[in-house]
Novice: 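Structure provided below as C-alpha cells; questions to follow.
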Amino acid sequence: MSHSENTPRNFIRTIIDHDIRSGKNGKRVATRFPPEPNGYLHIGHAKSICLNFGIAEDYSGSCNLRFDDTNPARESQEFIDAIRQDIEWLGFTWNGLCQASNYFEQLYGYAEELIEKGLAYVDSQSAEDIRTHRGTLTETGKDSPDRDRAIDENLEVFRGMRAGEYADGEWVLRAKIDMQSPNINMRDPILYRIRRLFHHNTGDAWCIYPMYDFTHCISDAIESITHSLCTLEFEDHRPLYDWVLDHISIDCHPQQIEFSRLEMLYTVTSKRKLSQLVVHDHVDGWDDPRMPTVSGMRRRGFTAASIRDFCARAGVAKSQNRMQMSELENSVRWDLENKAPRVMAVLDPIKVVITNWPEDRCDEMECPNHPKIPELGTRIVPFTRELYIDREDFMEDPPSKYFRLKPGGTVRLKYGYIIDYQDVVRDENGMVVEIHCSYDPATRSGQDNSGRKVKGVIQWVSATHGITAPVRMYDRLFTRPLPADGKEGREFTDYLNPESLILKPNAVMESSLASANPEDRFQFERLGYFVADRHDSKAGAPVFNRIVSLRDSWGKLEQQHGA
RNA sequence: UGGGAUGUCGCCAAGCUGGUUAAGGCACCGGGUUUUGAUCCCGGCAUUCGCAGGUUCGAGUCCUGCCAUCCCAGCCA
C-alpha cells in the first residue's frame, strides 16, 4: 500500500529529502516505531505509526517495530501482543521485530566501555540524595561524593551489580557529564539501576536494567536507523542521545527529530489516564468503543483507512495542537460513504398502520444497496400493513420546515409508497402509540406515475418481518473539550459524559441484518454508520455500535433556533 | 534569576535560501442536484502571518525587543 498520494509535505520529509540529496546515510532511510509495552496504542501512537511506516514506504526504506522494554515493573506480554495486532490491523508491516531487551548484553558492554573511558561511575547515594544533588530548574547540581572513584573500582562494582552482589537500589551507574549543565538531563544521568524483577523476554537473566536514555540511542544505532522520530518532550534528551553515541565505539549515529504529539479535544491521550479509565471501570476495557485507543476505535467501527486518512490530514509539525473530533468523524464518513451498504433500521420504533392496506398483503420492494454504486446490487424488503418508523420522524406539533410525518401531512416511505396522515391512537397517558395513515397505490417506488412530490422521505421496517437487535449509540467520552486541564481543581474523570453510551434496546431493522458478521459495517439510512460489534455479536444475534452519525443539517438548524 | 521549543483564518497546516493577488483540509456561510434534511456539485470564507520596532526597492520569511503557550528537577519511557 502506498500513502504517497494523500500524504502532505512536512518538515521531516523535507529533512529526509535533503539528506538523500546530499548522499547522507548512503541515501538509505530507516525508521522505527518504539513503543513501551505498558499499555495499549492510542490515536497519538497511530500518528507516529503512520509517520514512521509511511516514510519507510514512500522512501523505499525500512521500519522496525521495536519494543522499548527496559522496565519490567510495568511491561507485559499482553501489551506486546495487543500492540502487534493493532499495527497489523492499521495495515503496516514491520521489517524487523525487535526488542531493546535483546540488546542487553551489548548495552552492558557499552556501559563498561564508558566506565573504562572514565565517562561513567557507580554511585551509592540514596535516591533522595541523588535527587537533591541534581539541583533544580534554576539552580545547578552538586557533584556526587562517588564521582571521582577510580576506574577499576567502578568496573568492579558494576560487575558486582550485574552479578547480583548488591541489593536493589544500593548502587546505580551514572554517566559523568556535567552537574552544572542547564539541561537537567545532562547532570550525570542514571544509566543502570538494580531491579530484581522477572522480565517477560529475558526472564531472570538480569538484575540490572538500562535506562531509556542509554538504551534508546544505542538500540537505534544497532538497528542502523537513519532518522529517529520522536515527540517533542524528548527534545531536551537529544544532547544526551548524541553524547552517548559520541562516546562509545559504534559506527552509526542516527538523527533524532522531534515532532508534536497529536492531541484531541473531548478525550484524553495519555497511557496513565487511559489506564485509569480502565482500572476504575469508567469504561469497559482498553477496547471500549469510546476509548481513543486503536483497539477501541476498531471496536467502535472505525476503519484502518479512516484512521490513516485522519493522521494524514492532521499533518506533522512542531506546534502544540488539538484536533477536533469532527475531523476524525469526517474521515470515517468519507471512507464509509463509498463502501457501506445501505439498510433500513428504526431506533425508537412507533407503529404505523396503513389502513387501506389488506391485512395479509406483503409487497416485495426492491431497494438498492447503494444510491450511487449499482454494482452493490439490490435487496428485497417486505412492505406490510403494519410498519415501524422512528419516533423522531413524527411530530404532532412540528416547527416550521419540519418535513417528516405530521398531522395532515404526507411523507414518502423510502423505496415504498407515499402515505397520508389520518389519525393517531393514544394510550391511557395520552402518549401516541400508533399512527394511522393511508397509502397512495399510484406512488410505488420506481413506478410512481402520480406526479406527487413530497419533501419528506423516511425509513421504515415491516412490523411483521423486521428483527430486533440492540444498538449502542456512542458519543464523546467527556463533556469538556479539555477534560484534563486541571481548571476548577477538578479531575478529568469529573467530566465523563454520562451520555457517552445510550442503549437502544428496541431497535428494529431489516431481517437480513440477522446474519451480519462481526465487523460488518452498514449505513442505516438517515441515521449513520453502524458496525456489528466484533465481540458481542453472535451468530443470528448481532449487536450494533454506532460508529458515527450522518451529517445532520436539520439537527443543526434545530439547535440554532432552539426548536 | 535555568534550559529547550512553539506562535500563519474557529481547528489542523503549507509557505525551500526574502520577490506577482498568503496553498490545502476540517468547520462555517450561500446556491444547485437528490426517494438518505446524507452524498455530490458550484461559490464565499486571513489587506494579513503573536505584538512592537528595525533592515530592504520589497519580509510570514532577516535583525532587535517584548508577550503568550508547551516541555524538563523518575533509580519511567
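All chains are named by letter (A, B, ...) in the order of the sequence lines, taking the proteins before the strands, and each is independently numbered beginning at 1.
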Novice: G24(B) and C42(B): how far apart are their P atoms, nearest whole angstrom?
Specialist: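 Roughly 13 Å separates the two P atoms.
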Novice: What contact category does Pro35(A) fall into here, base, sugar-phosphate, or nothing, at under 4.0 angstrom with non-hydrogen atoms?
Specialist: nothing
Novice: Once salt bridge (charged side-chain N to carboxylate O under 4.0 Å, His left out) is applied, do any residues pair with Asp178(A), and if so which ones, sequence neighbours excluded?
Specialist: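 Partners of Asp178(A) under the salt bridge (charged side-chain N to carboxylate O under 4.0 Å, His left out) test: none.
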Novice: Under the salt bridge (charged side-chain N to carboxylate O under 4.0 Å, His left out) rule, collect the residues that match up with Arg238(A), sequence neighbours excluded.
Specialist: Glu258(A)
Novice: Apply ring pair (Phe, Tyr, Trp, His ring centres under 6.0 Å) to Phe310(A) and list each qualifying residue two or more places apart in sequence or on a separate chain.
Specialist: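 Listed in chain order: nothing, the list is empty.
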Novice: Toward the 5' end of RNA chain B, which comes first, Lys401(A) or Phe11(A), by nearest nucleotide?
Specialist: Phe11(A)
Novice: Tell which nucleotide pairs with A68(B), taking only Watson-Crick or G-U wobble pairs whose two distances are both under 3.5 angstrom.
Specialist: U6(B)
Novice: Tyr402(A) near the nucleic acid: base, sugar-phosphate alone, or nothing, with a heavy-atom cut-off under 4.0 Å?
Specialist: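 Base contact.
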Novice: Which part of the nucleic acid, if any, lies within contact of Arg342(A), taking any heavy atom under 4.0 Å across all strands shown: a base, the sugar-phosphate backbone alone, or nothing?
Specialist: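 If one applies the 4.0 Å heavy-atom cut-off, Arg342(A) turns out to touch a base.
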Novice: How about Tyr415(A) and Trp460(A): are their ring centroids closer than 6.0 Å?
Specialist: no
Novice: Classify the nucleic acid contact of Gln324(A) as base, sugar-phosphate or nothing, counting any heavy atom under 4.0 Å across all strands shown.
Specialist: base
Novice: Could you tell me how the ring of His237(A) sits relative to the ring of Phe234(A): parallel (under 30°), tilted (30 to 60°) or perpendicular (over 60°)?
Specialist: perpendicular
Novice: With sugar-phosphate meaning primed atoms plus P, OP1 and OP2, does His216(A) contact a base, only sugar-phosphate, or nothing at under 4.0 Å between heavy atoms?
Specialist: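 Since no nucleic acid heavy atom lies under 4.0 Å of His216(A), the category is nothing.
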Novice: Phe79(A): what forms a ring pair (Phe, Tyr, Trp, His ring centres under 6.0 Å) with it, not counting sequence neighbours?
Specialist: Tyr40(A)
Novice: Categorize Arg134(A) for me: base, sugar-phosphate, or nothing, with a 4.0 angstrom heavy-atom threshold over every strand shown.
Specialist: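 Sugar-phosphate, backbone atoms only, no base.
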Novice: Please state the P separation for the pair U47(B) and A23(B) - nearest whole angstrom.
Specialist: 12 Å
Novice: Using the P atom in both, what is the distance from G4(B) to C51(B), to the nearest Å?
Specialist: 25 Å
Novice: Are Tyr529(A) and Phe522(A) an aromatic pair by the rule of ring centers under 6.0 Å?
Specialist: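 No, ring centres 6.0 Å or more apart.
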Novice: What's the gap between C70(B) and C11(B) when it is taken at their P atoms, as a whole Å value?
Specialist: 16 Å
Novice: Could you work out the separation of G25(B) and G44(B) based on their P atoms and round it to a whole Å?
Specialist: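 So the two P atoms sit 12 Å from each other.
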Novice: Within the 4.0 Å heavy-atom criterion, would you say Thr70(A) contacts the bases, only the backbone, or no part of the nucleic acid?
Specialist: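 It contacts sugar-phosphate atoms only.
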Novice: Taking the P atom of each, how far is G7(B) from G43(B), in whole Å?
Specialist: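 Nearest-Å result for G7(B) against G43(B) at atom P: 32 Å.
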Novice: What is the first contacted nucleotide of RNA chain B and what is the last, in 5' to 3' order, if contact means an atom lying under 4.0 angstrom from a heavy atom of chain A?
Specialist: G2(B) to A77(B)
Novice: Taking only residues two or more places apart in sequence, or in another chain, which ones meet Asp552(A) in a side chain to side chain donor-acceptor pair (under 3.5 Å)?
Specialist: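 Testing Asp552(A) for side chain to side chain donor-acceptor pair (under 3.5 Å), a comparison that skips the adjacent residues, returns none.
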Novice: What's Val454(A) touching, base or sugar-phosphate or nothing? Going by heavy atoms closer than 4.0 Å.
Specialist: nothing
Novice: Need one value for Ser124(A): base, sugar-phosphate or nothing, where a base atom within 4.0 Å counts as base even if backbone is also close, heavy atoms only.
Specialist: nothing
Novice: Based on the glycosidic angle (syn within 90° of 0, else anti), state the conformation of G74(B).
Specialist: syn
Novice: Can you tell me, in whole Å, how much space there is between the P of A59(B) and that of U21(B)?
Specialist: 11 Å
Novice: Pairing check on A27(B): which nucleotide meets the Watson-Crick or G-U wobble criteria with it, both distances under 3.5 Å?
Specialist: none
Novice: Rounding to the closest angstrom, what is the interatomic distance between C12(B) and G53(B) at atom P?
Specialist: 28 Å
Novice: Does Glu525(A) reach a base, just sugar-phosphate, or nothing at all? Heavy atoms under 4.0 Å.
Specialist: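 The answer is base, as Glu525(A) lies within the cut-off (heavy atoms under 4.0 Å) of a base atom.
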Novice: Describe the nucleic acid contact of Lys556(A) in one word from base, sugar-phosphate, nothing, applying a heavy-atom distance below 4.0 Å.
Specialist: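 Sugar-phosphate contact only - Lys556(A) comes under 4.0 Å of backbone atoms but never of a base.
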Novice: Across the strands shown, which category fits Ile418(A) at heavy-atom distances under 4.0 angstrom: base, sugar-phosphate, nothing?
Specialist: nothing
Novice: With heavy atoms under 4.0 Å as the rule, sort Tyr209(A) into base, sugar-phosphate or nothing.
Specialist: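 Tyr209(A): no heavy atom of the nucleic acid under 4.0 Å.
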Novice: Taking the inter-plane angle between the rings of Trp206(A) and Phe104(A) on a 0 to 90° scale, is it parallel (under 30°), tilted (30 to 60°) or perpendicular (over 60°)?
Specialist: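 The arrangement is perpendicular - the two ring planes meet at more than 60°.
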Novice: For RNA chain B, whose closest nucleotide is more 5', that of Leu527(A) or that of Ser260(A)?
Specialist: Ser260(A)
Novice: Looking for any heavy atom pair under 4.0 Å, which part of the strands does Asn71(A) touch: base, sugar-phosphate only, or nothing?
Specialist: sugar-phosphate
